[in-house]
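Contents: one structure, followed by commentary.
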Amino acid sequence: MLENLSAQPADKILTLITKFKADPRTDKVDLGVGVYKDATGNTPVMRAVKEAERRILADQSTKAYTGLAGDPAFSAVMKDLVLGDSVPNERVAAVATPGGTGAIRQALELIKLATPKATVWLSNPTWPNHPSIIRYLGMKMAEYRYFDNETRGVDFAGLMADLENVAEGDVILLHGCCHNPTGANLTYSQMEQVISLMQQKRAVPFVDIAYQGFGDGLADDAKTTRQIASSFENCLIAASCSKNFGIYRERTGILMAVAKDTDQQALAQQNLAFLNRQNYSFPPDHGARVVTTILQDPALRADWEAELEETRNGMLALRQQLADELKRLTNSDRFGFLAHHRGMFSLLGTTPEMVEKLRVDNGIYMVGDSRMNIAGLNAQTVPILAKAIVEAGI
Ligand code: LMR
């Protein structure tokens, strides 16, 4: 049987981890996978997470199953964190999932159940696992322009022109904040225009929000998602706790489906639980319990928010330092976009050959499309990267 298998395409982000580990150079710089690192290169367990885990360890009296949708308390805190009061709770169906990827997968499966002929529209570029899962599920997909390689900002005219081709019932995948891989984001007023167009086309928005709190702050980063949730009868939201709680390996995420009324909500909720049952039965609980413990306790929540703010401000400072250093070296504002981008990533906008040159010559690892993980830098490596970019002639 197994001889019938053929090799699957390697994930271009995860491949980098192996390559980086195998590189013997001591001054190598990892700007690859989207994992936050502090100035010492460590991915810390957040203080509030440690404390929540201590409490769970001390108090938990059972490991019996939760529900197919996960713990309702987790859904409640996540609805509040992501959606605020943009939409009544009774209209939101929700299931805990293994990470944000699990939420995306379940959302796509739900789309397949509801509207198998729908095309899912993706930004070009987007997180490579989006098209990969869609292809794997045999669904239809199309791209809309997103990044302007000249300005390194959003190609808004291109985006609007491409979305003109959306058909009724198609699904449009949008990044809630901190666009991955580009770091370039729509303004709120641009998002208003996208919302109007989607309404006109009778399309269904699907928001992937994996970096809430990494861009402009917890509330501001949720604004786009809330704008969308309050503007449509139906929308899907996949949220990840991997990054903002730093619990990557705990696989903690949630899929929310906004329904038009409570009857539809109940139907969606039943379908989401069914999908969980088919794919992995009960979702993982530990990370969800950690998140719930933190968000329900005012002191823990305040500490988590404070540490998240330190993380966010640290990344903003690195962005500014890199933009300043490149300005000094090039005597131009060509790289000013690095300070304007938001979130963990920026797309440098150079060729795969240049990316490879930086890896070979300087031990600097970034994804082939020139996505850099800003959190992989520190005050010492910023000047090294800036010099390497300039010397490579980028
Ligand atoms: C990334 O984009 O690097 C992260 O979301 C990690 C991943 O799973 O690809």
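In what follows, residues are counted from 1 in the order of the sequence shown. Just so it is clear, the structure is predicted and the values come from calculations on it, not from any experiment. Indexing begins at 1, ligand by ligand and atom by atom, following the structure's order.
Remark: Lys243 is not positioned above the aromatic ring of Tyr248, lacking an NZ or CZ atom under 6.0 angstrom from the ring centre and at most 45 degrees off the axis. Relative to the ring axis of Tyr365, Lys28 does not place its NZ or CZ within 45° and under 6.0 Å from the centre.
Nearest-residue assignment for atom 4 (C) of ligand 1 (options Met344, Lys243, Lys12; heavy-atom criterion): Lys243.
With a 4.0 Å heavy-atom cut-off, ligand 1 is reached by the side chain of Tyr211 but not by its N, CA, C or O. Heavy atoms from both the backbone and the side chain of Val33 come within less than 4.0 Å of ligand 1. Using a 4.0 Å cut-off between heavy atoms, Asn129 makes no contact with ligand 1 at all.
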Task: Gln106 and Asn276: CA distance, side-chain angles, deciding distance, side-chain contact (heavy atoms from CB on, under 4.5 Å) verdict - done: CA-CA 8 Å; Gln106 297 300 68; Asn276 264 9; 3.0 Å; yes
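In the vicinity of Arg371, heavy-atom distances shorter than 4.0 Å reach the ligand 1 atoms 1 (C), 2 (O), 3 (O).
As a member of the Ile/Leu/Val/Met/Phe/Trp/Tyr network built from side-chain separations under 4.5 Å, Val360 groups with nothing else and remains a singleton. Hydrophobic cluster of Val390: the remaining members, joined at side-chain heavy-atom separations below 4.5 Å, are Val29, Leu31, Leu318, Leu322, Leu326, Leu329, Phe335, Phe337, Leu338, Leu348, Met354, Val355, Leu358, Ile364, Met366, Met372, Ile374, Leu377, Val382, Leu385, Ile389, Ile394, listed by chain and number.
Looking at Asn362, its side chain never comes within 3.5 Å of a backbone N or O of Ala388 through a donor-acceptor pair.
The nearest protein atom to atom 9 (O) of ligand 1, hydrogens excluded, is given as Trp127 NE1, 3.0 Å; this is a heavy-atom distance.
Distances between N or O atoms of Gly34 and those of ligand 1 include at least one value under 3.5 Å.
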